[in-house]
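All remarks here apply to the structure that follows.
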Amino acid sequence: MIGVVQQMMYFSIPLLVVALGAMFSERSGIINIAMEGIMIMGAFTSVLFLNISSRFGLAGQLQLILAILIASATGILFSLLHAYASINMKADQTISGTALNMFAPAFAIFVARVIQGVQQIQFVNTFRMNVPLLSKIPVIGPMFFENAYITTYLGFLILIISAFVLFRTRFGLRLRACGENPHAADAAGINVQRMQYAGVMISGALGGLGGLIFVVPTSVNFNADVAGYGFLAIAVLIFGQWDPLKILGASLFFGIMKAVSASYSSIAFLAGLGISSYFYKMVPYIVTLIVLIFTSRNSRAPKAEGIPFDKGQR
């Protein structure tokens, strides 16, 4: 049971972080389905840093913190391509995001092969830790504070900050106004394009970070793939109705599904059913489709998302 809960956290936190990133973009009025590509780019540069820096003796939490900064910076830079195409060029936002999703893995594979001859980038995981005192608490300690990653706690911190910024700050109010009625926001003196750039850049930072958070606890190498988590995060965003707390619930739900699919062999009841492992691997995505079928009809997406803002038109 403890192992399943830990697996759930490993899968839920990157979903939470990436979905929150997509939320900021869409709340500003820009659809960002490039989260998959942003995750790949963030994971690529940060894991490459882990690979190179470990050769010089760097390890542990400092190495991971530096990788976090690199992943976030990469995500911001990569998301600017989507921001420029969507905001300045008024391109179709879905096509722009799709193009970036196609570009990212090809770029990661090409550069990895140029640098080291193979596309798979290895790294040494020295980031697990036991939290002093808290890890000694019965039941809860082993679940949440043993063999833990700082990225797990960072994910919850990002959730708290996101909820506060979105609903308790002037920036959040202006961002939401741009996603609901950009022309009214513009008439009120808000620089809509600047707010949209901010929303997309935040989505880039959290998307790039989410790529690293996904790879580190679940693997010791990166192969230009994040298992469709960028798309799954968008499903979590829709299921969570663009609200941080609901997104948390959706992330935990899908995290449980993913954890069961990954560790079903350690659950006596499921292992005894004799069902193929491929079925369990499909479960999270099947559940995603079913949930979206029943929840998308009541979707409360920002009214102006996906509609290019033209200041001259009302």
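Small disclaimer: the values here were computed from a predicted structure and weren't measured.
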Chi angles and distances behind the side chain to side chain contact (heavy atoms under 4.5 Å, CB included) call for Ile31, Glu26: CA-CA 5 Å; Ile31 295 176; Glu26 298 204 5; 4.1 Å; yes
Could you give me the CA-CA distance, side-chain angles and deciding distance for Val165 and Phe24, then say whether side chain to side chain contact (heavy atoms under 4.5 Å, CB included) is met? CA-CA 10 Å; Val165 168; Phe24 276 100; 4.2 Å; yes
Val216 and Thr151: side chain to side chain contact (heavy atoms under 4.5 Å, CB included), yes or no, with the steps? CA-CA 9 Å; Val216 166; Thr151 51; 5.9 Å; no
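Here Asn221 contributes atom CG and Ile121 contributes atom CD1; the two are 9.5 Å apart, rounded to the nearest 0.5 Å. Here Met201 contributes atom CE and Leu77 contributes atom CG; the two are 8.0 Å apart, rounded to the nearest 0.5 Å. Rounding to the nearest 0.5 Å places OG of Ser28 at 5.0 Å from CD of Gln196. The line from CZ of Phe78 to CD1 of Ile40 is 8.5 Å long, rounded to the nearest 0.5 Å. The structure places CG of Leu206 at 10.0 Å from CD1 of Ile38, a figure rounded to the nearest 0.5 Å. The NZ atom of Lys303 sits 8.5 Å away from atom CG of Asn181, with the distance rounded to the nearest 0.5 Å.
In this structure, Phe167 places its CZ atom where more than 12 heavy-atom neighbours from other residues, nucleotides or ligands lie under 6.0 Å away. Residue-environment remark: CD1 (Ile137) exceeds the threshold of 12 foreign heavy atoms within 6.0 Å. Counting heavy-atom neighbours within 6.0 Å of Arg55 CZ, excluding the residue itself, gives a total above 12. Heavy atoms from other residues, nucleotides or ligands lying under 6.0 Å from CE of Met282 number more than 12. Around atom NZ of Lys136, no more than 12 heavy atoms belonging to other residues, nucleotides or ligands sit under 6.0 Å away. Surrounding CZ of Arg128 are more than 12 heavy atoms belonging to other residues, nucleotides or ligands, all under 6.0 Å away. The number of heavy atoms from other shown groups lying within 6.0 Å of CG (Leu62) is above 12.
In terms of heavy atoms, Asn130 sits closest to Asn147 at OD1-N, 2.9 Å. Taking every heavy atom of both residues into account, Glu36 and Val226 meet most closely at OE2-CG2, 3.4 Å. Taking all atoms of both residues into account, the shortest heavy-atom contact from Val192 to Ala185 is CG2-CB, 4.3 Å. Contact detail for Thr45 and Ala71: the closest heavy-atom pair is OG1-CA, 4.4 Å. What you find for Leu209 and Ser72 is that their closest heavy atoms are CB-OG, 3.7 Å. Heavy-atom minimum distance, Gln119 versus Ile109: OE1-CG2, 3.5 Å.
Legend: residues meeting side chain to side chain contact (heavy atoms under 4.5 Å, CB included) with Val124, ordered by chain and number and at least two apart, are Thr126.
Put simply, the side chain of Gln6 gets close to the backbone of Pro142: a donor and an acceptor are under 3.5 Å apart. At distances below 3.5 Å, at least one donor-acceptor pair connects side-chain atoms of Ser25 with backbone N or O atoms of Ile30. The closest donor-acceptor contact from the side chain of Ser86 to the backbone of Ala83 lies at 3.5 Å or more, if one exists at all. Between the His82 side chain and the Ile33 main chain, no donor and acceptor come within less than 3.5 Å of each other. Proximity of a side-chain donor or acceptor of Lys246 to a complementary backbone N or O of Phe239 within less than 3.5 Å is not detected. Under the 3.5 Å distance criterion, the side-chain polar atoms of Arg176 are matched with a main-chain donor or acceptor of Leu166. With hydrogens and angles disregarded, a donor-acceptor distance shorter than 3.5 Å links the side chain of Asp92 to the backbone of Thr94. Although no hydrogens or angles enter the test, the distance criterion places a donor-acceptor pair under 3.5 Å between the side chain of Ser12 and the main chain of Ser251. Counting only distance, with no hydrogens or angles, the side chain of Asn51 and the backbone of Phe123 share no donor-acceptor pair below 3.5 Å. A donor-acceptor pair under 3.5 Å is absent between the side-chain atoms of Glu146 and the main chain of Met143, judged by distance alone.
Using a 30° and 60° split on the angle between ring planes, Tyr10 and Tyr149 fall in the perpendicular class, above 60°. Using cut-offs of 30° and 60° on the angle between ring planes, the pair Phe222 and Phe44 is tilted.
In this structure the side chain of Phe309 never reaches within 4.5 angstrom of the side chain of Met195, judged on heavy atoms. Between Leu133 and Phe145, every side-chain heavy-atom pair lies at or beyond the 4.5 Å cut-off. Side-chain contact between Pro105 and Asp225: absent, with no pair of heavy atoms (C-beta onward) separated by less than 4.5 Å. Here the side chains of Trp242 and Ile247 are not in contact, with every heavy-atom distance at 4.5 Å or above. Thr74 has its side chain out of reach of Ser46: every pair of non-hydrogen atoms, C-beta onward, lies at least 4.5 Å apart. Phe49 places a side-chain heavy atom less than 4.5 Å from the side chain of Leu58. In this structure, the side chains of Phe254 and Phe11 stay at 4.5 Å or more apart for every pair of heavy atoms.
Ile87 and Leu80 end up in the same hydrophobic cluster when Ile, Leu, Val, Met, Phe, Trp and Tyr side chains are linked at under 4.5 Å. Note on Phe103 and Met35: same hydrophobic cluster, where clusters join Ile, Leu, Val, Met, Phe, Trp and Tyr whose side-chain heavy atoms are under 4.5 Å apart, directly or indirectly. Hydrophobic clustering (side-chain heavy atoms under 4.5 Å, transitive across Ile, Leu, Val, Met, Phe, Trp, Tyr) keeps Val200 apart from Leu100. The hydrophobic clustering, which links ILVMFWY residues whose side-chain heavy atoms are closer than 4.5 Å, places Phe171 and Ile76 apart. Residues Phe164 and Leu245 do not share a hydrophobic cluster, clusters being chains of Ile/Leu/Val/Met/Phe/Trp/Tyr side chains in contact below 4.5 Å.
The side-chain contact (heavy atoms from CB on, under 4.5 Å) with Ile161 is formed by just one residue from the set Leu159, Ile158, Leu157; it is Leu157.
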